[in-house]
Amino acid sequence: MKKYILLFFAAVTCFSACDDILDRPQKSSPDDTSYWKDENTVRLFVNGFYANYFVGYNSGWGTAYVPLRGYNFCDDLTKTGVQDLFEASVPSSRKTANSETALETPEMLAEYWGPTWSFVWVRKVNILHERLEEMKEEGKLSDSEYAHWKGVACFFRGFEYSRLVSVFGDVPYFDASFSETDYDTMYKDRDDRGNVMDKVYEDFQYALENIRESDGNQYLNRYMAAGFITRLMLFEGTWQKYHNLDADRAKKYLQMVESAGDYVIRSGKYKFTSDFRSLFGSQDLAGNEEVLMYRHYDDALAVRHCIASYCNRNEGLGYGANLSLAKSFICADGQPYQLSSLSDADVLDISDMVATRDPRFEATFWHEPMVTSPTLLYCCKFIDREGVNYYGQTPPAIYASNTNTNDYPVMRYAEVVLNWIEAKAELAESYGGSAVTQTDLDASVNAIRNRPLDDEAIQKGIQQTAPLTIGAIPDDPSRDADVSPLLWEIRRERRMEFFGEHTRLLDIKRWKKIQYMSGENDPDILRGLWTDFPQELTEFLVEDKIGVLQVEKEDGTIVTYDGTNASQMVGYYIPVSIQDRDPFTDRVYLSPVGEQQITEYSQKGYKLTQTTLW
């Protein structure tokens, strides 16, 4: 739906807001009694959810829930100096400061990739549920209309609670609105995350059974909902497994991922028919068969963003892709670089990696070291091929400032099939599910690897990656001993496919692999690729870089530029003043609630339990 960012502001005016413990909008406003007339008024109200949940590239300079700029706290990205630290103490407050702002601009906790301690959207969707019941009783909605919109309401309530649980674990569950004087409800303590997610499971089940398969161009339909459900239930299913919570719930949630994925796959509606770069740099994703849902940007409607600007080579970001991420890319022969038979597969400089790796490496990064990246590996993923050609020039508006208009694929088929194949593998290995077959791999990992290449990639000699074969799964020497070779390759596929997007931190959290964020555990997160400065970046061999520029040799020796040893400046680039983040413990998997929230409860005679380990 091309105009949902504009419709969003129209919809939220139906409700005023109040600042209290739940940051919730009022149950009614002067327009509420006359607003709910028919299906069209319900649709307008629901449009208000789109900009909060289907953020895309956000708008203007917005960075919450957007690729590259919003999702930069993870083990794929490195900056100069000390790496971003995990939260070390309980914050004074952990809620949205203003509830009206919460209904206008999505907020995101950068270290948790999820929402603040705010239930404004829960209340908003519960009000929707209640109005739908009233409209059905009054004959304003037919049975089929009611079922669809209740399914939509269930989907959004499940979406919100999935995100809240991913950040805080146990949270209070509300399935109805309540008065401001109902303190017993307002100040209820947290509910167990398993019980909350069982309610989410029920909501998602209803959504999968009742949302329309088609409801108009870019309006939420059952296929889109199923795609998001594979994402959200995969998170919780694997969290339940790897955090040793409840095996039955893990199995149930993963089975929902499999069934929702089956629904999308078996429809035959989606295919891998475009090259990788076009998914992110296109000015119009309409008709792209890999995209279930996208956010459209339009200069004429003043709907623009800034993310392409940070991929135009002129603009620098505070973060760059590191050696650990680069090493994870599979070689074109389908082998990890240590096992590959390709010539120079073990040479970890940018040009050789472009030539030997999966095509997504070339489509994601510039083919030469760039000084505008702190690691010298520069991301060009979220811009089209033309947009990178204005280096050193003033680019057109669509590639500069906050006037970018390329579309974003909010939900794409690649995510659905990767969520699906991971769930199937988990079910097979731990919960008695059917073994993953070659047909399953061909419908997921191999279908992605068989994406078309664009002309520029073909001219560079880029080759599609060899398929993953069930009888010959690579055994990566870097594989964690507690992860099977098949799951390791599925996880690798996610890391290649979703760089800079919404998955990495949440993936390593649900797998209980937060130690990947430690440079002591993985020194490669503190390094750039192999760089020959005398040949590739002579502009670094200047007086200002004396005592600053450093490289690491294969044997671990660190060489510092002293003005006379230019020929020795060949090795893995060490970002300026690089330091590992401070040590952290398992408590960083979840966020604490703020002191203010606990105090507000106690002042009313109630108790809000602090997050475990905090």
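All values reported here derive from a predicted model rather than from experimental measurement. Here, residue 1 is the first one in the sequence, and each next residue gets the next number. These numbers come from the heavy atoms of this one structure, side chains and all, not from hydrogens, waters or symmetry mates.
The residues D84 and K79 are annotated as salt-bridged, a charged nitrogen and a carboxylate oxygen being separated by less than 4.0 angstrom. A salt bridge links R495 to D76: at least one charged side-chain nitrogen sits closer than 4.0 Å to a carboxylate oxygen. Here D352 does not pair with R357 in a salt bridge; the nearest charged N to carboxylate O distance is not below 4.0 Å. Taking a cutoff of 4.0 Å between a charged side-chain nitrogen and a carboxylate oxygen, E415 and R494 do not qualify as a salt bridge.
Aromatic pair W113/F73: centroids not less than 6.0 angstrom apart. Between H502 and Y65, the distance from one ring center to the other does not fall under 6.0 angstrom. For Y573 and F533, the gap between ring centers is short of 6.0 Å. Less than 6.0 angstrom separates the ring centroid of F159 from the ring centroid of F228. Taking the six-membered ring wherever Trp is involved, the centroid distance between the rings of H243 and Y589 falls below 6.0 Å.
Here the side chain of D344 pairs no donor or acceptor atom with the backbone of V347 at under 3.5 angstrom. With hydrogens and angles ignored, the 3.5 Å screen pairs a side-chain donor or acceptor of Y297 with a backbone N or O of Y57.
Contacts of D346 classified as side-chain contact (heavy atoms from CB on, under 4.5 Å), with partners at least two apart in sequence or in another chain: Y337. Taking the ring pair (Phe, Tyr, Trp, His ring centres under 6.0 Å) definition, one finds that W530 meets it with Y572, sequence neighbours left out.
Within the cation-pi definition used here (under 6.0 Å to the ring centroid, within 45° of the axis), K512 does not qualify as a partner of Y242. Under the 6.0 Å distance and 45° angle rule, K545 counts as a cation-pi partner of F540.
Looking only at side-chain heavy atoms (C-beta outward), C311 and V388 stay at 4.5 Å or farther from each other.
Side-chain N/O atoms of Y408 and E501 include a donor and acceptor closer than 3.5 Å. No side-chain donor from either of T531 and E536 sits under 3.5 Å from a side-chain acceptor of the other.
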*Go through the steps for S478 and K327 under the test side chain to side chain donor-acceptor pair (under 3.5 Å), then give the verdict.*
CA-CA 10 Å; S478 301; K327 281 183 174 181; over 6 Å; no
*asked:* Set out, in order, the CA-CA distance, both residues' side-chain angles and the distance that settles side chain to side chain donor-acceptor pair (under 3.5 Å) for T372 and R313, then state yes or no.
replied: CA-CA 7 Å; T372 40; R313 296 204 291 146; over 6 Å; no
*asked:* Go through it in stages, so that I can follow the logic: the residues are S118 and T116, the test is side chain to side chain donor-acceptor pair (under 3.5 Å), and I'd like the CA-CA distance, side-chain angles, deciding distance and then a yes or no.
replied: CA-CA 5 Å; S118 169; T116 63; 4.7 Å; no
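Listed by first then second residue, pairs satisfying side-chain hydrogen bond (donor to acceptor under 3.5 Å, both in side chains) with a partner in residues 160-172 read Y53-E160, not counting sequence neighbours.
Heavy-atom minimum distance, T465 versus C331: CG2-O, 3.6 Å.
The only option from K509, R504, R510 that meets the side-chain hydrogen bond (donor to acceptor under 3.5 Å, both in side chains) definition with D507 turns out to be R510.
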